[in-house]
Chemist: 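Handing you a structure now.
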Amino acid sequence: MKLNFSLLSIAAAVAVLAAPAAQAKPFKWSSQGEISTWDIHSQNNALQSGLHANVYESLVYYNSKTFEVEPVLATSWKEVSPTQVRFTLRTGVKFHDGSSFTADDAVYSLNRAMAKTSNFTPFVQGITKVAKVDANTIDVFLAAPNPVLVRQMTELRMMSKAWAEKNKSVEPKDMKASDENFAHRNAMGTGPYTLESWQPDVKMVFKRNPNWWGKMDGNVTEIVYTPIKSAATRIAALLSGEVDMVLDPTPQDLGRLRSSPDLKVVDGVENRTIFLGMDQFRDELPGSNIKGKNPLKDQRVRKALYQAIDVNTISRNIMRGLGKPTGALVAPQVAGWTETVGKRFPYDVEAAKKLLAEAGYADGFEVDFACPNNRYINDEAICQAVTAMWSRIGVKAKLRTQPVATYFPMIQRYEASIYMLGWGVPTFDALYSLQSLVRTVGQGGDGNYNVGRYSNQRMDYLVDRIKAETDAPVRARMLTEALQLSNDTVSHIPLHDQVIPWAMKKNIELVHRADNRVDMRLVKVN
């Protein structure tokens with residue numbers, strides 16, 4: 001594990017931040033989604049984490065242009081031993097209330113991310129202890145060498161220990177419960193912007209932090225984010241000039257947006273895979289007409305559901321090219337992916353019917369099917385199409401859709417028999433997906449989003465080996481084996497990797513990121 005960060009790279013990162021900014025401007029943007037909380041360790045969601053990054057910073061973060069890890073609140077890091085990594089913290093950093101960021105805050109924040117109510121446990125996997133060395137230095141102790149530790153750190157944002165204690169927010173809000181802490185609706189970080197207001201489902205407003213330690217490449221002094229669920233309304237807002245950018249234009253609108261003289265579309269492939277998960281735990285599915293057993297526990301049934309889905313039709317007619325069909329749980333940019341792993345089972349209705357009959361369900365069955373309606377590109381339309389496709393093999397899926405703010409807590413309470421999920425990979429390493437999605441539910445991030453409660457002894461062995469394996473070729477083989485095992489056992493039904501176009505006014509300059517986040521430090525309004 002190579003953790004030393006060169007002085008040359010640090011100088012380059014500082015030079016980017018120190019570039020002169022143009023005249024300051026407000027920036028208004030929109031997407032279909034709303035966040036569920038401002039508690040930075042409560043709910044692991046890409047849109048939410050991207051918005052949180054305006055206000056809260058991590059020790060390290062990805063450079064938006066190179067996707068190399070660069071220093072933020074830590075200036076350097078090194079191995080003291082294979083299981084002890086020392087982070088030197090940036091001095092002179094102030095929280096928005098004027099208090100200093102110190103090692104106490106870093107230790108507290110990493111421990112907070114490890115709490116029972118945290119959804120960020122995959123990012124602290126392998127960490128056994130965090131200790132203060134002095135006011136500007138911390139040590140992270142590991143159960144075993146962790147080759148992706150620094151990449152995990154990109155998602156662990158820092159909170160003021162004193163602020164959390166004062167406002168009774170020491171533990172993260174439990175998103176499965178209705179109780180709220182102060183950090184749920186309020187924010188106070190070290191970042192380039194302060195959160196001025198948040199009206200859920202209406203808008204949130206950020207103001208430039210005049211005391212931020214860094215230097216802006218962009219010129220945005222105020223950010224207004226407006227969640228607009230209706231695609232037609234979002235596009236109308238862009239065309240009228242009400243917003244400067246739409247993160248998620250619909251495939252059917254792209255033609256006219258590209259041809260508009262006042263607009264431009266910036267395209268990029270996202271490191272996110274859309275798939276369906278299935279309840280493989282309950283002995284009987286709630287609401288199903290099959291009593292006393294769970295059809296989804298049978299691998300033949302899961303494969304039948306898979307083979308009954310015509311992903312090419314979905315890609316062509318619903319996604320219009322914005323979804324690349326896949327057979328893998330991760331996208332090609334992620335370590336562990338291979339062409340073989342990415343190969344799908346063929347679409348074959350007759351084969352699907354035969355598998356159902358062999359499993360004892362020749363007449364099909366009824367099943368609950370839950371989907372978000374404002375998170376992924378055309379998510380609801382995809383689920384409607386899948387429901388129709390399953391009906392051809394006798395499976396009557398009772399589709400219900402929800403906005404993302406209620407959808408994610410619902411599936412994490414294990415209340416869906418079949419569900420849609422999209423999984424990006426912030427570490428660009430398949431361990432993040434494997435540990436979260438197919439490792440048996442356990443401690444320390446294991447099965448964090450395995451809400452179908454799939455369990456396989458060989459998979460658990462591989463994931464646990466991968467966590468600590470430092471021999472790169474051996475580790476790569478195990479990542480690929482685990483991904484293939486997921487395919488062979490039909491742990492999930494992969495659909496496609498998303499392609500993300502961003503639509504904006506022609507006077508907007510920004511950098512398209514593979515994780516679909518807007519880095520406001522780089523946005524210019526000309």
Side-chain angles (χ1 to χ4, degrees), residues 25-38 43 45-55 185 193 195-207 220 222-258 260 262-268 270 272 274 318-320 322 371-384 401-408 420 422 498-508 510 512-513 515-520 523 525:
K25 298 283 179 64
F27 178 68
K28 297 171 288 183
W29 67 289
S30 177
S31 79
Q32 64 181 327
E34 174 60 293
I35 72 171
S36 55
T37 183
W38 262 97
Q43 179 67 274
N45 171 293
L47 173 69
Q48 188 161 280
S49 292
L51 285 163
H52 286 176
N54 293 327
V55 176
R185 294 184 183 272
Y193 294 90
L195 177 66
E196 293 298 299
S197 63
W198 176 38
Q199 298 169 265
D201 297 315
V202 180
K203 71 175 180 179
M204 65 180 73
V205 179
F206 305 84
K207 298 282 189 184
V220 173
E222 180 183 73
I223 309 164
V224 180
Y225 174 73
T226 306
I228 304 175
K229 181 180 173 182
S230 163
T233 306
R234 278 198 312 281
I235 298 305
L238 180 63
L239 291 169
S240 70
E242 185 181 340
V243 299
D244 299 308
M245 173 196 167
V246 168
L247 189 75
D248 48 4
T250 56
Q252 56 268 32
D253 287 314
L254 286 174
R256 65 172 172 152
L257 295 176
R258 292 186 198 278
S260 169
D262 302 318
L263 302 175
K264 62 182 176 182
V265 177
V266 178
D267 296 288
E270 190 182 17
R272 179 179 305 281
I274 307 297
I318 297 175
M319 299 301 292
R320 303 196 187 191
L322 297 185
C371 284
N373 56 23
N374 66 338
R375 178 64 188 100
Y376 314 114
I377 298 175
N378 285 352
D379 42 17
E380 186 171 15
I382 293 167
C383 292
Q384 289 169 343
T401 64
Q402 294 181 7
V404 67
T406 55
Y407 178 77
F408 283 135
M420 171 184 273
Q498 281 195 157
V499 177
I500 299 293
W502 294 355
M504 67 202 75
K505 294 178 182 176
K506 282 213 166 145
N507 67 328
I508 302 298
L510 45 66
H512 191 291
R513 287 174 54 116
D515 57 8
N516 202 30
R517 299 184 190 183
V518 183
D519 186 344
M520 295 305 309
V523 176
V525 182

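Note that the numbering runs from 1 along the sequence shown for the chain. Values below: every heavy atom of this structure, side chains too, minus hydrogens, waters and symmetry copies.
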Chemist: Looking at Thr406 and Pro403, would you say the former's side chain and the latter's main chain have a donor-acceptor pair under 3.5 Å?
Modeler: yes
Chemist: Report the distance from atom CD1 of Ile228 to atom CD1 of Ile235, rounding to the nearest 0.5 Å.
Modeler: 9.5 Å
Chemist: Any chance CD of Glu196 has more than 12 other-residue heavy atoms, nucleotides or ligands included, within less than 6.0 Å?
Modeler: yes
Chemist: How close do Glu34 and Asn374 get, counting heavy atoms only, and between which atoms?
Modeler: N-ND2, 4.3 Å
Chemist: Restricting to non-hydrogen atoms, name the atom on Trp38 and the atom on Leu51 that form the minimum distance, rounded to 0.1 Å.
Modeler: CH2-O, 3.5 Å
Chemist: Flag the pair Val525 / Asn507 as yes when at least one side-chain heavy-atom distance between them is below 4.5 Å, and no otherwise.
Modeler: yes
Chemist: State whether a side-chain donor-acceptor pair under 3.5 Å links Glu380 with Thr401.
Modeler: yes
Chemist: Please name all residues satisfying side chain to side chain donor-acceptor pair (under 3.5 Å) with Lys28, sequence neighbours left out, ordered by chain then number.
Modeler: none
Chemist: Quick check: closest heavy atoms across His512 and Ile500, and the distance to 0.1 Å?
Modeler: NE2-O, 2.9 Å
Chemist: Checking Gln32 against Leu47 for the side chain to side chain contact (heavy atoms under 4.5 Å, CB included) test, could you report, in this order, the C-alpha distance in whole Å, the side-chain angles of both residues, the deciding distance, and whether it holds?
Modeler: CA-CA 10 Å; Gln32 64 181 327; Leu47 173 69; over 6 Å; no
Chemist: Between Arg185 and Pro200, is any pair of side-chain heavy atoms under 4.5 Å apart?
Modeler: yes
Chemist: Between atom OG of Ser31 and atom CZ of Arg375, what is the distance when rounded to the nearest 0.5 Å?
Modeler: 8.0 Å
Chemist: Suppose we screen for side chain to side chain donor-acceptor pair (under 3.5 Å). Which residues come up paired with Asp379, at least two apart in sequence or across chains?
Modeler: none
Chemist: Could you point out which residue of Phe206, Trp502, Tyr225 forms a ring pair (Phe, Tyr, Trp, His ring centres under 6.0 Å) with Trp29?
Modeler: Tyr225
Chemist: Quick one: does Gln43's side chain get under 4.5 Å of Val404's, heavy atoms only?
Modeler: no
Chemist: The test is side chain to side chain contact (heavy atoms under 4.5 Å, CB included); show your working for Met520 and Asn54 and say whether it passes.
Modeler: CA-CA 7 Å; Met520 295 305 309; Asn54 293 327; 3.1 Å; yes
Chemist: Rounded to the nearest 0.5 Å, how far does CG of Leu322 lie from CG of Leu254?
Modeler: 5.5 Å
Chemist: Tell me the closest heavy-atom pair linking Ile382 and Met420, and the distance in Å.
Modeler: CG2-CE, 3.7 Å
Chemist: Tell me, do Ile508 and Met245 make a side-chain contact under 4.5 Å, heavy atoms counted?
Modeler: no
Chemist: Mind listing the closest non-hydrogen atom pair of Gly422 and Ile274 along with its distance?
Modeler: CA-CD1, 3.7 Å
Chemist: For Arg234 and Val246, work out which heavy atoms get closest and say how close.
Modeler: O-CG2, 3.7 Å
Chemist: At what distance, to the nearest 0.5 angstrom, does CG of Leu247 lie from CG of Asn516?
Modeler: 4.5 Å
Chemist: Do the non-hydrogen side-chain atoms of Val224 and Pro26 ever get within less than 4.5 Å of each other?
Modeler: no
Chemist: Using a cut-off of 6.0 Å, state whether more than 12 heavy atoms not belonging to Lys264 lie near its atom NZ.
Modeler: yes
Chemist: Can you tell me how far the CG atom of Asp201 sits from the CD1 atom of Ile35, to the nearest 0.5 Å?
Modeler: 10.5 Å
Chemist: Looking at Asp244, Leu263, Val266, which hits side-chain contact (heavy atoms from CB on, under 4.5 Å) with Met504?
Modeler: Val266
Chemist: Taking the side chain as everything from C-beta on, heavy atoms only, tell me whether Pro249 gets closer than 4.5 Å to Val265.
Modeler: no
Chemist: Is there a side-chain contact between Ser36 and Asn45, using heavy atoms and a 4.5 Å cut-off?
Modeler: no
Chemist: Give the C-alpha distance, both sets of side-chain angles, the deciding distance and a yes or no for side chain to side chain contact (heavy atoms under 4.5 Å, CB included) between Thr226 and Lys203.
Modeler: CA-CA 4 Å; Thr226 306; Lys203 71 175 180 179; 4.0 Å; yes
Chemist: Are Gln384 and Ile318 close enough, and set up right, to give a side chain to side chain contact (heavy atoms under 4.5 Å, CB included), and what steps lead you there?
Modeler: CA-CA 11 Å; Gln384 289 169 343; Ile318 297 175; over 6 Å; no
